[in-house]
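Below, all heavy atoms of this structure are taken into account, side chains as well, without hydrogens, waters or symmetry copies. Order of the sequence lines sets the chain letters (A, B, ...), proteins ahead of strands, with each chain counted from 1.
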Amino acid sequence: MKYSFIQNGIEIIDKSEFNPKHILECGQVFRYQSERLGYKIWAKNSVCYLICEKEHDIISTNHREEFVHFFDLDRNYSEIKKNLLEFPFMKNAIEHGYGIRILNQDPFEMVLSFIISSNNNIPRIKGIIERLCERSGETSDCGLRFPSPDKLRNKSISFFQDLGAGYRARYLYDTVDAINNGFSLDIQEMSTINARKHLMRLTGVGRKVADCVLLFGYHKTDVFPTDTWIDKIYVELFGENNLSREQKADYLSDYYGDLSGYAQQYLFYKRRSGNKIKLDCISED
DNA sequence: CACCAGGTCTCTC
DNA sequence: GAGAGACATGGT
């Protein structure tokens with residue numbers, strides 16, 4: 001990935017591997033806003049402005065190293081896409097979401113965000129998370145910031161209900177409580193299987209939420225988060241619906257191996273944009 | 001007024 | 001273990 005440090009940020013030179021719209025709208029991140037010149041994006045303890053121009057994009061920030069990691073800039077996505085093209089179903093999806101990158105986000109934020117996401121829709125998820133940030137008293141020179149576990153220590157269930165979290169309020173409360181009482185999120189070094197099993201001990205974290213946390217919070221790309229959209233895709237592609245969600249997730253992650261997370265994002269993004277996934281047809285090329 | 005949204009929990013069998 | 005129902009909330 002070609003990029004270079006400039007005075008107040010990072011210049012993205014290779015636009016084919018970095019598409020702000022695709023990165024932000026493929027469903028992995030909830031805290032960003034459209035701005036006149038691009039986007040404002042919050043990471044754990046800092047903020048950046050993504051300025052979109054014709055020849056290049058600029059990540060305007062005082063925390064350059066942090067956003068190199070956040071945007072996963074040191075990874076070669078050309079190589080990933082080349083390897084994914086060895087699989088069926090991927091050609092159209094990759095062409096559609098060509099500049100997607102899997103962001104490296106904060107695990108705690110991912111846990112709460114994806115608990116909120118369950119049986120919910122994206123605009124509402126974003127609203128709940130925004131209110132969580134507004135009301136949890138975290139301020140910095142960057143403005144809004146996602147609360148730390150400690151900042152949520154004294155919050156009651158009704159605090160989460162008032163965010164609009166609905167029945168997930170109890171899940172959030174229990175999870176925050178567990179983390180504040182020693183439940184470790186330091187699981188980067190664990191195997192995917194064990195890390196998943198660990199996360200699923202949290203209230204409100206099932207297979208799908210756990211896999212999203214593993215992918216977006218720990219960059220474990222051997223998981224294939226399987227939700228309603230992936231379920232639709234599975235049925236459409238294979239013409240049968242004889243497996244449970246969990247079995248589909250197992251099958252797909254076994255099939256795509258370490259490329260699962262990437263494959264999932266391309267397929268999810270394309271399908272959610274209203275396009276059905278097509279089997280790549282060589283004769284059409 | 002039903003039905004749905006990046007599912008999970010709980011209670012059965 | 002696998003399979004129904006319930007579940008808050010806001011939008012079509």
Side-chain angles (χ1 to χ4, degrees), chain A residues 22-32 93 96-97 100 102-103 105 107 109-132 135 155-178 183 196-218 220-221 223-236 241-253 256 260-277:
Chain A
H22 295 170
I23 290 170
L24 295 172
E25 294 182 8
C26 70
Q28 60 180 323
V29 56
F30 301 107
R31 289 202 302 138
Y32 66 93
H96 179 259
I100 286 177
I102 305 284
L103 301 177
Q105 302 186 71
E109 178 173 348
M110 293 299 94
V111 170
L112 296 199
S113 297
F114 281 96
I115 287 174
I116 293 167
S117 81
S118 68
N119 194 28
N120 212 340
N121 61 61
I122 289 180
R124 241 173 63 75
I125 296 163
K126 290 177 76 170
I128 294 165
I129 292 172
E130 194 177 333
R131 289 188 287 281
L132 173 63
R135 298 178 193 180
K155 302 296 186 189
S156 60
I157 293 184
S158 61
F159 168 78
F160 296 106
Q161 279 171 339
D162 292 343
L163 302 175
Y167 65 88
R168 306 168 199 81
R170 186 175 65 82
Y171 302 165
L172 294 169
Y173 177 85
D174 285 353
T175 290
V176 166
D177 187 57
F183 186 98
R196 174 188 294 136
K197 204 176 294 179
H198 179 70
L199 288 173
M200 286 176 68
R201 288 166 50 208
L202 292 168
T203 315
V205 178
R207 170 63 183 266
K208 191 271 173 181
V209 169
D211 283 359
C212 284
V213 173
L214 290 171
L215 180 56
F216 305 128
Y218 297 93
K220 297 220 177 262
T221 60
V223 301
F224 203 107
T226 301
D227 64 345
T228 51
W229 294 99
I230 297 298
D231 199 280
K232 275 194 186 79
I233 291 172
Y234 183 97
V235 174
E236 288 162 4
N241 195 13
N242 52 352
L243 297 182
S244 68
R245 278 281 171 89
E246 197 172 342
Q247 288 172 321
K248 286 169 187 154
D250 283 336
Y251 176 83
L252 289 166
S253 58
Y256 287 100
S260 292
Y262 302 106
Q264 192 270 3
Q265 280 294 281
Y266 289 116
L267 293 171
F268 172 83
Y269 182 53
K270 168 135 184 159
R271 185 63 183 81
R272 201 170 64 84
S273 303
N275 305 303
K276 293 203 174 180
I277 306 300

Side-chain donor/acceptor of A/Y171 to base of B/dG7, under 3.5 Å:
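Side chain to base: no pair present.
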What does [X] touch in the nucleic acid at a heavy-atom separation under 4.0 angstrom: a base, only the sugar-phosphate, or nothing?
X: A/Q265; value: base
X: A/Q247; value: nothing
X: A/I115; value: nothing
X: A/L202; value: sugar-phosphate
X: A/G206; value: sugar-phosphate
X: A/P123; value: nothing
X: A/T203; value: sugar-phosphate

OP1 or OP2 of B/dA5 less than 4.0 angstrom from a side-chain nitrogen or oxygen of A/K232, does that happen here?
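Looking at the OP1 and OP2 atoms of B/dA5, one of them is under 4.0 Å from a side-chain N or O of A/K232.
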Hey, is the side chain of A/T228 poking within less than 4.0 Å of OP1 or OP2 on B/dG7, counting only N and O atoms?
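True: A/T228 side-chain N/O within range (under 4.0 Å) of B/dG7 OP1/OP2.
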Separation of atom [atom1] in [X] from atom [atom2] in [N], rounded to whole Å:
X: A/L172; N: C/dT9; atom1: CG; atom2: C1'; result: 14 Å
X: A/N119; N: C/dG11; atom1: CG; atom2: P; result: 16 Å
X: A/Y167; N: B/dA5; atom1: OH; atom2: C1'; result: 9 Å
X: A/I233; N: B/dG6; atom1: CD1; atom2: P; result: 13 Å
X: A/L199; N: B/dT8; atom1: CG; atom2: P; result: 12 Å
X: A/N121; N: C/dA8; atom1: CG; atom2: C1'; result: 12 Å
X: A/I129; N: B/dG6; atom1: CD1; atom2: C1'; result: 11 Å
X: A/N120; N: C/dA8; atom1: CG; atom2: P; result: 13 Å

Check for me: is A/W229 stacked on B/dG6 by the 5.5 Å centroid and 30° plane-angle rule?
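Aromatic stack with B/dG6 absent for A/W229.
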Roughly how far apart, to the nearest Å, are [N] and [M] at atom [atom1]?
N: C/dA2; M: B/dG6; atom1: C1'; value: 23 Å
N: B/dC1; M: C/dG11; atom1: C1'; value: 14 Å
N: C/dG3; M: B/dA5; atom1: C1'; value: 22 Å
N: C/dA8; M: B/dC11; atom1: P; value: 14 Å

Of the options [options], whose atoms approach the side-chain atoms of [X] most closely?
X: A/R170; options: B/dG6, B/dG7, B/dC9; value: B/dC9
X: A/R124; options: C/dT9, B/dC9, B/dG7; value: C/dT9
X: A/S118; options: C/dG10, B/dT8, C/dA8; value: B/dT8

Where the side chain of [X] meets the backbone of [Y], is there a donor-acceptor pair that is under 3.5 Å apart?
X: A/S117; Y: A/F114; value: yes
X: A/Q265; Y: A/I100; value: no
X: A/R168; Y: A/A165; value: yes

N-O pairing of A/E236 and A/R271 below 4.0 Å:
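Yes, A/E236 and A/R271 are salt-bridged.
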Distance flag, aromatic centroids of A/Y171 and A/F160, threshold under 6.0 Å:
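Between A/Y171 and A/F160, which both carry aromatic rings, the centre distance is not below 6.0 Å.
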First encountered from the 5' end of DNA chain B, between A/M200 and A/R272
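Taking each residue's closest nucleotide, the earlier one in sequence belongs to A/R272.
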With a cut-off of under 6.0 Å to the ring centre and 45° to the axis, is A/K248 in cation-pi contact with A/Y251?
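The answer is no, since A/K248 fails at least one limit relative to A/Y251.
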Which word best sums up how the rings of A/W229 and A/F268 line up, parallel for under 30°, tilted for 30 to 60°, or perpendicular for over 60°?
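Ring orientation of A/W229 relative to A/F268: perpendicular.
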